[in-house]
Amino acid sequence: MLTRRGFLSLAAAGAASWSNVVRRPDLRAAQYDLLIKGGRVIDPSRRFNAVADVAIANGRIAAVRPDIAAGSAAETFDAAGTLVVPGLIDIHTHAVREPDDAALCLRDGVTSLVDAGSRGSDNIDAGVAVAKAAPNRMRLLINISRTGNDQQNGELNDISKVDVAATRAAIERHRDFVVGIKVRLSDFVAGTNDLRGLTLAQSVARPLTLPIMIHMGQSKSPLPDLLAVLKRGDIVTHIYSPPPNGIFDDAGRLLPAVLDARKRGIWFDVGNGLNKHITWDVAERAFRLGLVPDTISTDWVPMGRDDQIFNLGTVLSKFLMLGMPLDRVIACVTSNAVKAMPAFGGFGTLAPGAVADVVVMAMEDGVFEFVDNARETRTGRMKLVTKATFQAGRRVSAAL
Ligand SMILES: [Zn+2]
């Protein structure tokens, strides 16, 4: 039975697709199932940036080149004037908390995402069940504290909440879904246990060759002491956190340990969030000093849908405003995101043969106010807005 909500959603999806999609009556002659035609294709994994068509067959990318005949596909999506990019990857969200959160992200074009530390060994089974039921590719970083994120008490203030054996067992139980370990190190989360918590997390991660993601900013320990515990492939999130213990020394210079960590192959991630994770002052200074992010993530929470974060496209637009070139911004949520999160290997690309996760985005011109975590505003002139999301070659409903 079709509920009213379901009907409206189908109607909305239909209306949206009629404007762009042409179906051919004779499907027998079609070489491809779908042709996304005439957009600017940006695929940083292959350094591809040109107006071209994307042909899809059997849920996979079949070809990317200009002027593929419209008659060769059963359906054609007119992408003229828009950007066509690989399905977006958000490596830091908290989308495991409510069953519908991942679907909201999918509508924004996020075909792969990570919940970063909402769950620990006490509640990881339920978290994995949510990830398995999600309509997109959802993986988890297990929190090194048994409880997962604890906004009330701070999950590492009591170090006895770190149970190394239970964490290891949880990972072994869910090797396909738990793809790394999250450690939050702010004073309010960990107090003086920051280094101890991180060292224990590394004792689990290292033998399993899993990445650790640390949440930096306002820690008790100086950032260089935390970076010293990280290995190649680990991730630092909230890199534009305001002081204390951010990426600058007291004179406002980039800490040498930050540059050294980059050279050692540690990834620097945005983690926009809502509170104490990014200010324009820090980000602008970092950009002037050359510290651009490797990956751009939202630190998505439902509350962020109408405050500061909104969606991944909006967060990406902030980095266009800061002066990052478009293809580098797209790399931060596609090819670079795969490097930082090897569990997504094979995705984040439009290479022929890859699963056809494709997002059509408009680059809207206008005057857009972007708000940082300190409620300072900056004005941007461009905004990336998701127009259509295809998952394994199939259009995701435009409305929920
Ligand atoms: Zn977070």
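Both counts, for ligands and for their atoms, begin at 1 and track the order of listing. Hydrogens, waters and symmetry mates are skipped; everything else that's a heavy atom, side chains included, is used.
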Main-chain N/O of D53 paired with R65 side-chain donor or acceptor, under 3.5 Å: no

Aromatic plane relationship, H238 with H92 - under 30° parallel, 30 to 60° tilted, over 60° perpendicular: tilted

Got a sec: is H238 within less than 2.8 Å of the Zn ion (ligand 1) via an N/O/S atom? no

Given N245, T237, I247, the one that forms side-chain contact (heavy atoms from CB on, under 4.5 Å) with M216: I247

Rounded distance [0.5 Å steps], CD1 in I330 versus CD1 in I296: 8.5 Å

Assess H94: does it contribute an N, O or S atom lying under 2.8 Å from the Zn ion (ligand 1)? yes

Which N/O/S atom belongs to D299 and is the closest one to the Zn ion (ligand 1)? OD1

